[in-house]
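Everything quoted here is computed from the prediction, not taken from an experiment.
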Amino acid sequence: MATGGSNAPFDLSPKALVAVGVGLVAVGGASYLLYRHLTRDVMPQKWRRVGTVQAIHFFPVKSCAPLEIWKPDVEYDCDVLSMSFEGIRDRTLMVVNEKNEMITARTYPKMTQIRSKKVSSGKLLFSAQDMPDLELDFEKLEGPEKDVRTAVWGVPVDVMPCGDRINKWFSQAILKKDSGLKLVHYPYPKPVKASNPDLKDMPSVRQEDTGAFTDATSFMLMNLSSVADLNTRLKNPVDALHFRGSFDLKMDVDEPYAEDHWQWLRIGDDAVFRTVGPCTRCIVPNIDVKTAAINSDGEPLKTLKSYRKFKYSAPAMGIHLGLRLPGKVKANDVVYVGDQ
């Protein structure tokens with residue numbers, strides 16, 4: 001499995017690559033495989049516009065609601081760890097049980113109704129039904145100094161507890177008890193987790209694509225044309241937010257599932273992403289984002305299984321992205337794909 005490129009100063013200019021390719025034809029198939037390895041993550045020289053970003057979703061706590069931001073034209077920073085906005089980062093908070101095991105909306109759908117908004121730089125205000133609001137200051141976390149060990153889908157990582165006051169609030173909001181759950185914080189400035197085993201056969205994934213507490217990678221894109229096509233097959237249409245993607249793409253020309261074939265994307269002027277694999281789906285899209293009710297008919301997952309499974313054990317919808325050049329992104333930015 002590819003776990004990241006070397007920092008060695010290879011000359012990968014177009015002229016050099018042509019020379020390498022010509023030479024490798026002469027020396028045979030093994031050398032050609034080396035050539036493919038060296039050039040696999042070379043960014044395209046040409047880009048083709050495909051649409052614009054209709055919405056950006058940002059989840060401070062894994063499995064909870066997206067951050068509420070009411071300002072127009074908000075810019076998000078995309079770096080190797082995650083997306084961030086004025087001191088708040090995507091999925092650097094996670095809920096665990098008393099055994100330090102990750103819990104998600106798969107087991108506790110009401111987590112999707114825990115909302116957050118930024119009150120100042122580095123401060124969040126959480127709200128939930130029948131609960132007083134809770135303020136969390138990332139610079140004044142109240143947990144013990146010692147980190148604890150947890151795991152994200154079997155991939156271990158050390159985390160920092162946020163403190164008893166925070167734990168009590170989340171226990172009450174999710175379990176209706178004063179204890180039983182803890183909120184933990186990702187304490188590192190860069191990704192330290194190993195890659196998700198589900199991506200082990202994806203040749204373009206790197207270790208640094210793993211992000212903080214994301215299931216697989218730090219970024220995920222949903223093509224709204226694909227969601228619209230799915231909705232033609234459903235009795236009750238779903239919103240793109242059911243799939244909890246980072247970016248919702250409005251295509252210039254309606255083309256469902258075009259994203260299946262893209263290798264490179266650029267959003268705006270700077271941020272460049274590599275497609276590292278399809279996003280295979282669990283039961284979370286079956287949870288109503290407005291009510292937390294689970295669809296009794298098993299939709300939309302049931303329908304997705306009928307035509308989007310391919311070679312995977314679960315159906316695919318959306319694509320996982322690995323950041324290759326950092327940059328700022330915002331709603332209405334133009335989205336380009338590599339045109340090689």
Side-chain angles (χ1 to χ4, degrees), residues 1-5 40-41 56-64 66 78-84 89-96 101-107 111-112 150-157 159 186 188 190-223 226 240-249 257 259-260 262-265 267 271-285 287 301 304 308-324:
M1 177 176 63
T3 57
R40 184 176 60 222
D41 264 357
I56 297 175
H57 305 296
F58 184 100
F59 304 89
V61 184
K62 185 179 182 67
S63 271
C64 293
C78 295
D79 62 29
V80 68
L81 180 59
S82 64
M83 199 168 1
S84 64
R89 281 192 170 274
D90 182 60
R91 293 179 176 95
T92 52
L93 295 167
M94 182 173 74
V95 182
V96 301
E101 297 167 331
M102 173 187 75
I103 73 162
T104 71
R106 296 163 179 82
T107 306
M111 292 181 68
T112 61
T150 185
V152 178
W153 300 116
V155 179
V157 61
V159 299
Y186 185 88
Y188 306 102
K190 63 180 182 179
V192 299
K193 303 196 319 289
S195 296
N196 187 311
D198 288 345
L199 295 179
K200 67 181 186 300
D201 296 326
M202 302 299 170
S204 297
V205 70
R206 298 177 176 180
Q207 181 276 324
E208 58 262 35
D209 295 332
T210 59
F213 293 136
T214 47
D215 284 356
T217 66
S218 298
F219 304 93
M220 196 267 284
L221 178 135
M222 292 299 303
N223 177 0
S226 302
L241 190 55
H242 280 69
F243 298 97
R244 301 178 67 84
S246 309
F247 310 115
D248 289 348
L249 166 65
Y257 315 111
E259 67 275 17
D260 291 347
W262 296 337
Q263 299 298 312
W264 290 89
L265 290 96
I267 299 179
V272 176
F273 302 87
R274 184 75 159 96
T275 300
V276 300
C279 185
T280 53
R281 295 297 174 175
C282 60
I283 65 167
V284 169
I287 301 171
L301 193 62
L304 282 174
R308 292 286 300 170
K309 283 192 70 172
F310 309 117
K311 62 179 181 180
Y312 310 111
S313 59
M317 190 71 167
I319 49 176
H320 287 301
L321 303 175
L323 187 73
R324 295 297 178 263

Test log, rule salt bridge (charged side-chain N to carboxylate O under 4.0 Å, His left out), inputs Arg308 and Asp260: CA-CA 11 Å; Arg308 292 286 300 170; Asp260 291 347; 2.8 Å; yes

Steps toward side chain to side chain contact (heavy atoms under 4.5 Å, CB included) verdict (Asp209, Arg274): CA-CA 10 Å; Asp209 295 332; Arg274 184 75 159 96; over 6 Å; no

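At least one side-chain heavy atom of Met202 sits less than 4.5 Å from a side-chain heavy atom of Pro278. Residues Leu323 and Ser218 form no side-chain contact, since every pair of their non-hydrogen atoms from C-beta on lies 4.5 Å or further apart. Inter-residue side-chain proximity for Met83 and Ile56 is flagged as met; some heavy-atom pair is nearer than 4.5 Å. Counting only heavy atoms from C-beta outward, the side chains of Met222 and Met317 approach each other to under 4.5 Å. In this structure the side chain of Val157 reaches within 4.5 angstrom of the side chain of Thr150, judged on heavy atoms. Side chains of Val80 and Pro191 form a contact here, defined as non-hydrogen atoms less than 4.5 Å apart. Here the side chains of Ser226 and Tyr257 are in contact, with some heavy-atom distance below 4.5 Å.
Using a 30° and 60° split on the angle between ring planes, Phe219 and Phe247 fall in the parallel class, below 30°. Taking the six-membered ring for Trp and thresholds of 30 and 60 degrees, Phe59 and His57 have ring planes inclined between 30 and 60 degrees apart.
Among residues two or more places apart in sequence or in another chain, the salt bridge (Lys or Arg N to Asp or Glu O under 4.0 Å) test is passed with Asp198 by none. By the ring pair (Phe, Tyr, Trp, His ring centres under 6.0 Å) test, Phe213 pairs with Tyr186, sequence neighbours left out.
A side-chain N or O of Trp153 and one of Asp215 form a donor-acceptor pair less than 3.5 Å apart.
Summarising the geometry, atom OG1 belonging to Thr275 is positioned 12.5 Å from atom CE belonging to Met220; distances are rounded to the nearest 0.5 Å. With values rounded to the nearest 0.5 angstrom, Gln207 atom CD is found 6.0 Å from Ser195 atom OG. Here the straight-line distance linking atom NZ of Lys311 with atom CG of Asp201 works out to 7.0 Å at 0.5 Å rounding. Note that the OG1 atom of Thr112 and the CD1 atom of Ile287 stand 6.0 Å from one another [nearest 0.5 Å]. Note: His242 NE2 to Leu301 CG = 12.0 Å, rounded to the nearest 0.5 Å. Atoms CD1 and CE, from Ile103 and Met94 in turn, are 9.5 Å apart once rounded to the nearest 0.5 Å.
Between Phe273 and the options Ile267, Leu221, Thr217, a side-chain contact (heavy atoms from CB on, under 4.5 Å) holds for only Ile267. Considering Arg89, Lys190, Arg324 in turn, Arg89 is the only one that fulfils the salt bridge (Lys or Arg N to Asp or Glu O under 4.0 Å) rule with Asp79.
Without hydrogens or angle criteria, Lys62 side chain to Thr214 main chain gives no donor-acceptor distance under 3.5 Å.
Shortest non-hydrogen contact noted between Lys193 and Val155 is CB-CG1, 3.8 Å. The nearest pair of heavy atoms linking Val276 to Ser204 is CG1-O, 3.6 Å.
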